[in-house]
Amino acid sequence: MAATKEMSVEEKLRALYDLQLIDSRIDEIRNVRGELPLEVEDLEDEVAGLTTRLEKLKNDLVNIEEQIKSKKNAIEEHQASIKRYSEQQKNVRNNREYNSLTKEIEFQELEIQLAEKQIKEMKASIEHKKEVISNSKEKLEQKASHLKHKKAELNDIMAETQKEENFLLEKSSEFESMIEDRLINAYKRIRKSVRNGLAVVSIERGASAGSFFTIPPQTQVEIAARKKIITDEHSGRILVDNALALEEKEKMQQLFAKI
(Lines give C-alpha, C1' and ligand atoms only; values in the text may rest on other atoms or scores of the structure.)
Protein backbone atom coordinates (compact mmCIF):
# COMPACT_ATOMS: atom_id res chain seq x y z
CA MET A 1 0.00 0.00 0.00
CA ALA A 2 1.31 3.46 -0.85
CA ALA A 3 2.07 5.78 2.04
CA THR A 4 -0.36 8.61 2.69
CA LYS A 5 2.44 11.05 3.58
CA GLU A 6 3.61 13.05 0.56
CA MET A 7 7.32 12.55 -0.07
CA SER A 8 9.65 14.86 -1.90
CA VAL A 9 11.37 13.59 -5.04
CA GLU A 10 14.66 13.38 -3.15
CA GLU A 11 13.02 11.31 -0.40
CA LYS A 12 11.57 8.98 -3.04
CA LEU A 13 14.97 8.62 -4.68
CA ARG A 14 16.62 7.84 -1.36
CA ALA A 15 13.92 5.33 -0.46
CA LEU A 16 14.20 3.69 -3.87
CA TYR A 17 17.98 3.46 -3.64
CA ASP A 18 17.79 2.10 -0.09
CA LEU A 19 15.28 -0.48 -1.29
CA GLN A 20 17.65 -1.41 -4.10
CA LEU A 21 20.56 -1.85 -1.69
CA ILE A 22 18.45 -4.06 0.58
CA ASP A 23 17.08 -6.16 -2.29
CA SER A 24 20.58 -6.50 -3.76
CA ARG A 25 21.82 -7.82 -0.42
CA ILE A 26 18.94 -10.33 -0.40
CA ASP A 27 19.95 -11.34 -3.92
CA GLU A 28 23.53 -11.91 -2.72
CA ILE A 29 22.33 -14.12 0.13
CA ARG A 30 20.17 -16.19 -2.21
CA ASN A 31 22.99 -16.45 -4.74
CA VAL A 32 25.13 -18.06 -2.03
CA ARG A 33 22.57 -20.86 -1.93
CA GLY A 34 22.78 -21.07 -5.70
CA GLU A 35 20.84 -24.01 -7.11
CA LEU A 36 20.84 -25.91 -3.80
CA PRO A 37 17.13 -25.43 -3.01
CA LEU A 38 16.19 -26.65 -6.50
CA GLU A 39 18.66 -29.54 -6.24
CA VAL A 40 17.11 -30.58 -2.92
CA GLU A 41 13.61 -30.31 -4.37
CA ASP A 42 14.57 -32.39 -7.42
CA LEU A 43 16.23 -35.03 -5.24
CA GLU A 44 13.17 -35.18 -2.97
CA ASP A 45 11.00 -35.78 -6.03
CA GLU A 46 13.36 -38.50 -7.27
CA VAL A 47 13.43 -40.23 -3.87
CA ALA A 48 9.64 -40.07 -3.64
CA GLY A 49 9.32 -41.44 -7.19
CA LEU A 50 11.73 -44.31 -6.53
CA THR A 51 9.99 -45.14 -3.23
CA THR A 52 6.62 -45.26 -4.98
CA ARG A 53 8.07 -47.42 -7.75
CA LEU A 54 9.57 -49.85 -5.24
CA GLU A 55 6.25 -50.17 -3.43
CA LYS A 56 4.51 -50.90 -6.73
CA LEU A 57 7.10 -53.52 -7.69
CA LYS A 58 6.76 -55.20 -4.30
CA ASN A 59 2.98 -55.22 -4.65
CA ASP A 60 3.39 -56.69 -8.14
CA LEU A 61 5.49 -59.51 -6.68
CA VAL A 62 2.83 -60.28 -4.10
CA ASN A 63 0.14 -60.32 -6.80
CA ILE A 64 2.21 -62.59 -9.07
CA GLU A 65 2.87 -64.99 -6.18
CA GLU A 66 -0.87 -65.11 -5.53
CA GLN A 67 -1.50 -65.79 -9.22
CA ILE A 68 1.06 -68.62 -9.19
CA LYS A 69 -0.60 -70.08 -6.11
CA SER A 70 -3.96 -69.84 -7.86
CA LYS A 71 -2.57 -71.54 -10.99
CA LYS A 72 -1.09 -74.36 -8.88
CA ASN A 73 -4.45 -74.89 -7.19
CA ALA A 74 -6.08 -74.95 -10.62
CA ILE A 75 -3.57 -77.59 -11.78
CA GLU A 76 -4.47 -79.74 -8.77
CA GLU A 77 -8.16 -79.37 -9.65
CA HIS A 78 -7.48 -80.32 -13.29
CA GLN A 79 -5.46 -83.35 -12.14
CA ALA A 80 -8.30 -84.38 -9.85
CA SER A 81 -10.73 -84.02 -12.78
CA ILE A 82 -8.48 -86.17 -15.00
CA LYS A 83 -8.38 -88.84 -12.30
CA ARG A 84 -12.17 -88.70 -11.93
CA TYR A 85 -12.78 -88.89 -15.70
CA SER A 86 -10.30 -91.75 -16.02
CA GLU A 87 -12.19 -93.68 -13.36
CA GLN A 88 -15.47 -92.97 -15.15
CA GLN A 89 -14.04 -94.34 -18.41
CA LYS A 90 -13.78 -97.74 -16.75
CA ASN A 91 -17.54 -97.87 -16.34
CA VAL A 92 -18.82 -96.44 -19.65
CA ARG A 93 -21.41 -98.35 -21.66
CA ASN A 94 -20.52 -97.14 -25.15
CA ASN A 95 -17.88 -95.47 -27.27
CA ARG A 96 -19.70 -92.13 -27.31
CA GLU A 97 -19.41 -91.78 -23.53
CA TYR A 98 -15.80 -92.97 -23.63
CA ASN A 99 -14.86 -90.45 -26.34
CA SER A 100 -16.64 -87.66 -24.47
CA LEU A 101 -14.64 -88.42 -21.32
CA THR A 102 -11.44 -88.65 -23.40
CA LYS A 103 -12.07 -85.14 -24.73
CA GLU A 104 -12.64 -83.90 -21.18
CA ILE A 105 -9.34 -85.45 -20.10
CA GLU A 106 -7.52 -83.87 -23.06
CA PHE A 107 -9.08 -80.51 -22.22
CA GLN A 108 -7.93 -80.78 -18.60
CA GLU A 109 -4.43 -81.72 -19.78
CA LEU A 110 -4.35 -78.68 -22.06
CA GLU A 111 -5.44 -76.49 -19.14
CA ILE A 112 -2.61 -77.94 -17.06
CA GLN A 113 -0.08 -77.24 -19.84
CA LEU A 114 -1.38 -73.66 -20.18
CA ALA A 115 -1.22 -73.12 -16.40
CA GLU A 116 2.32 -74.52 -16.24
CA LYS A 117 3.38 -72.23 -19.09
CA GLN A 118 1.84 -69.24 -17.32
CA ILE A 119 3.56 -70.20 -14.06
CA LYS A 120 6.88 -70.38 -15.88
CA GLU A 121 6.31 -66.94 -17.41
CA MET A 122 5.28 -65.50 -14.05
CA LYS A 123 8.37 -66.93 -12.36
CA ALA A 124 10.52 -65.30 -15.04
CA SER A 125 8.65 -62.03 -14.41
CA ILE A 126 9.37 -62.40 -10.69
CA GLU A 127 13.09 -62.81 -11.33
CA HIS A 128 13.09 -59.76 -13.59
CA LYS A 129 11.17 -57.68 -11.05
CA LYS A 130 13.52 -58.79 -8.27
CA GLU A 131 16.45 -57.57 -10.35
CA VAL A 132 14.69 -54.26 -11.00
CA ILE A 133 13.89 -53.97 -7.27
CA SER A 134 17.53 -54.59 -6.38
CA ASN A 135 18.72 -51.92 -8.83
CA SER A 136 16.01 -49.50 -7.67
CA LYS A 137 16.95 -50.03 -4.02
CA GLU A 138 20.58 -49.31 -4.79
CA LYS A 139 19.63 -46.19 -6.74
CA LEU A 140 17.25 -45.09 -3.96
CA GLU A 141 19.99 -45.48 -1.34
CA GLN A 142 22.36 -43.39 -3.45
CA LYS A 143 19.76 -40.67 -4.04
CA ALA A 144 18.69 -40.67 -0.37
CA SER A 145 22.33 -40.33 0.72
CA HIS A 146 22.89 -37.52 -1.78
CA LEU A 147 19.69 -35.81 -0.60
CA LYS A 148 20.80 -36.04 3.03
CA HIS A 149 24.14 -34.44 2.13
CA LYS A 150 22.52 -31.65 0.10
CA LYS A 151 19.93 -30.97 2.83
CA ALA A 152 22.67 -30.67 5.43
CA GLU A 153 24.57 -28.32 3.13
CA LEU A 154 21.46 -26.20 2.57
CA ASN A 155 20.58 -26.20 6.27
CA ASP A 156 24.08 -24.96 7.13
CA ILE A 157 23.75 -22.08 4.67
CA MET A 158 20.20 -21.32 5.83
CA ALA A 159 21.34 -21.26 9.45
CA GLU A 160 23.99 -18.70 8.58
CA THR A 161 21.81 -16.44 6.43
CA GLN A 162 18.16 -16.94 7.39
CA LYS A 163 18.15 -14.42 10.24
CA GLU A 164 19.72 -11.76 8.04
CA GLU A 165 17.41 -12.53 5.12
CA ASN A 166 14.29 -12.36 7.30
CA PHE A 167 15.42 -9.01 8.70
CA LEU A 168 16.14 -7.66 5.22
CA LEU A 169 12.82 -8.91 3.85
CA GLU A 170 11.05 -6.99 6.61
CA LYS A 171 13.07 -3.88 5.77
CA SER A 172 12.35 -4.33 2.07
CA SER A 173 8.61 -4.43 2.79
CA GLU A 174 8.99 -1.43 5.07
CA PHE A 175 10.67 0.66 2.36
CA GLU A 176 8.16 -0.53 -0.26
CA SER A 177 5.32 0.73 1.91
CA MET A 178 6.94 4.20 1.93
CA ILE A 179 6.96 4.48 -1.86
CA GLU A 180 3.95 5.06 -4.09
CA ASP A 181 2.60 2.08 -6.02
CA ARG A 182 3.45 3.57 -9.42
CA LEU A 183 7.17 3.77 -8.59
CA ILE A 184 7.24 0.38 -6.86
CA ASN A 185 5.63 -1.28 -9.87
CA ALA A 186 8.17 0.38 -12.17
CA TYR A 187 11.01 -0.65 -9.85
CA LYS A 188 9.89 -4.28 -9.81
CA ARG A 189 9.36 -4.32 -13.56
CA ILE A 190 12.88 -3.00 -14.17
CA ARG A 191 14.39 -5.46 -11.69
CA LYS A 192 12.84 -8.36 -13.56
CA SER A 193 14.01 -7.08 -16.95
CA VAL A 194 17.69 -6.62 -16.08
CA ARG A 195 20.14 -9.46 -15.49
CA ASN A 196 21.65 -8.25 -12.20
CA GLY A 197 18.39 -6.99 -10.68
CA LEU A 198 19.63 -3.40 -10.47
CA ALA A 199 16.69 -1.10 -11.08
CA VAL A 200 18.18 1.97 -9.35
CA VAL A 201 21.80 2.90 -10.10
CA SER A 202 24.11 5.82 -9.51
CA ILE A 203 26.10 7.91 -11.95
CA GLU A 204 29.73 6.81 -12.20
CA ARG A 205 32.22 8.59 -14.45
CA GLY A 206 29.45 10.21 -16.46
CA ALA A 207 27.51 7.00 -17.13
CA SER A 208 24.98 4.93 -15.23
CA ALA A 209 26.64 2.17 -13.17
CA GLY A 210 27.41 -0.84 -15.31
CA SER A 211 26.82 1.03 -18.56
CA PHE A 212 29.20 2.45 -21.16
CA PHE A 213 26.71 4.99 -22.49
CA THR A 214 27.58 8.51 -21.38
CA ILE A 215 24.78 10.56 -19.87
CA PRO A 216 24.55 14.13 -21.26
CA PRO A 217 25.91 16.80 -18.87
CA GLN A 218 22.54 18.57 -18.70
CA THR A 219 20.84 15.31 -17.65
CA GLN A 220 23.53 14.77 -15.01
CA VAL A 221 22.77 18.23 -13.61
CA GLU A 222 19.05 17.39 -13.46
CA ILE A 223 19.81 14.08 -11.69
CA ALA A 224 21.99 15.88 -9.15
CA ALA A 225 19.20 18.41 -8.53
CA ARG A 226 16.92 15.56 -7.32
CA LYS A 227 13.81 17.36 -8.54
CA LYS A 228 12.38 14.56 -10.69
CA ILE A 229 12.67 10.84 -11.34
CA ILE A 230 14.98 10.29 -14.32
CA THR A 231 15.61 6.98 -16.06
CA ASP A 232 18.49 5.89 -18.27
CA GLU A 233 17.31 5.99 -21.89
CA HIS A 234 19.37 2.90 -22.75
CA SER A 235 18.62 0.53 -19.83
CA GLY A 236 15.46 2.05 -18.35
CA ARG A 237 17.03 2.09 -14.89
CA ILE A 238 16.20 4.83 -12.40
CA LEU A 239 19.19 7.14 -11.91
CA VAL A 240 20.52 8.81 -8.75
CA ASP A 241 23.58 11.03 -8.31
CA ASN A 242 26.77 9.58 -6.88
CA ALA A 243 26.71 11.72 -3.73
CA LEU A 244 23.26 10.48 -2.78
CA ALA A 245 24.32 6.90 -3.51
CA LEU A 246 27.39 7.17 -1.26
CA GLU A 247 25.33 8.61 1.59
CA GLU A 248 22.73 5.84 1.37
CA LYS A 249 25.36 3.11 1.01
CA GLU A 250 27.03 4.28 4.21
CA LYS A 251 23.67 4.35 5.98
CA MET A 252 22.79 0.84 4.77
CA GLN A 253 26.21 -0.54 5.70
CA GLN A 254 25.60 0.60 9.25
CA LEU A 255 22.20 -1.11 9.17
CA PHE A 256 23.66 -4.36 7.78
CA ALA A 257 26.41 -4.33 10.41
CA LYS A 258 23.80 -4.46 13.18
CA ILE A 259 22.26 -7.70 11.91
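Along the sequence shown, the residues carry numbers beginning at 1.
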* Between Arg84 and Glu87, does a salt bridge (Lys or Arg N to Asp or Glu O under 4.0 Å) hold up when you go through it step by step? -> CA-CA 5 Å; Arg84 186 173 67 254; Glu87 288 296 322; over 6 Å; no
* Tell me, please, which residues at least two apart from Glu121 pass side chain to side chain donor-acceptor pair (under 3.5 Å). => none
* Asked: Stepwise, does the side chain to side chain contact (heavy atoms under 4.5 Å, CB included) test hold for Glu46 with Glu41?
  -> CA-CA 9 Å; Glu46 285 188 65; Glu41 188 177 336; over 6 Å; no
* Report the residue from Lys150, Arg33, Lys143 that forms a salt bridge (charged side-chain N to carboxylate O under 4.0 Å, His left out) with Glu39. => Lys150
* Structure fact -> Residue pairs meeting ring-ring contact (aromatic ring centres under 6.0 Å, His included), one or both in residues 93-124, sequence neighbours left out, come to none
* Taking all heavy atoms of Ile215 and all of Ala207, pick out the closest pair and write down the distance. => CD1-C, 4.0 Å
* **Side-chain touch Arg189/Ser193, heavy atoms, less than 4.5 angstrom** => no
* **Hydrophobic cluster membership, Leu13 vs Ile203, 4.5 Å side-chain cutoff** => no
* Which heavy-atom pair separates Val200 from Gln20 by the least distance, and what is that distance? -> N-OE1, 3.0 Å
* To do: Verify side chain to side chain contact (heavy atoms under 4.5 Å, CB included) between Gln89 and Ile105, making sure each step is shown before the conclusion.
  => CA-CA 10 Å; Gln89 278 183 325; Ile105 290 171; 3.6 Å; yes
* Residues which pass side chain to side chain donor-acceptor pair (under 3.5 Å) with Gln118, listed by chain and number, not counting sequence neighbours -> Lys71
* Asked: Remaining members of Leu114's ILVMFWY cluster at a side-chain heavy-atom cut-off under 4.5 Å?
  -> none
* Asked: Could you walk me through whether Val132 and Arg53 pass the side chain to side chain contact (heavy atoms under 4.5 Å, CB included) check?
  -> CA-CA 10 Å; Val132 174; Arg53 188 185 183 202; 3.5 Å; yes
Counting only pairs under 3.5 Å, give me each side-chain donor-acceptor contact of residues 243-256, with atom names and distances, residues two or more places apart or in other chains.
residue : atom : partner : partner atom : Å
Glu247  : OE1  : Arg14   : NH1          : 2.9
Glu247  : OE1  : Arg14   : NH2          : 2.7
Glu248  : OE1  : Lys251  : NZ           : 2.7
Glu248  : OE2  : Arg14   : NH1          : 2.4
Lys251  : NZ   : Asp18   : OD2          : 3.1

* To do: Report yes or no: does Ser172 contribute a side-chain atom to a donor-acceptor pair with the main-chain N or O of Leu168 at less than 3.5 Å?
  => no
* Structure fact -> What one should report as the nearest heavy-atom pair of Ile82 and Gln108 is CG1-CB, 3.4 Å
Cut-off 3.5 Å, no hydrogens considered: what does the side-chain donor-acceptor table look like for residues 221-236, sequence neighbours left out?
residue : atom : partner : partner atom : Å
Arg226  : NE   : Asp241  : OD1          : 2.8
Arg226  : NH1  : Glu10   : OE2          : 3.1
Arg226  : NH2  : Asp241  : OD2          : 2.9
Asp232  : OD1  : His234  : N            : 3.3
Asp232  : OD2  : Ser208  : OG           : 3.1
Asp232  : OD2  : Ser235  : OG           : 2.9
Ser235  : OG   : Arg237  : N            : 3.3

* Out of curiosity, does Leu198 fall in the hydrophobic cluster containing Tyr17 (side-chain heavy atoms, cut-off under 4.5 Å, transitive links)? -> no
* Asked: Does any non-hydrogen side-chain atom of Ile184 lie less than 4.5 Å from one of Leu19?
  -> yes
* To do: Could you tell me whether the side chain of Leu38 reaches within less than 4.5 Å of the side chain of Glu35, counting heavy atoms only?
  => yes
* Asked: Are more than 12 heavy atoms from other residues, nucleotides or ligands located less than 6.0 Å from atom NZ of Lys12?
  -> yes
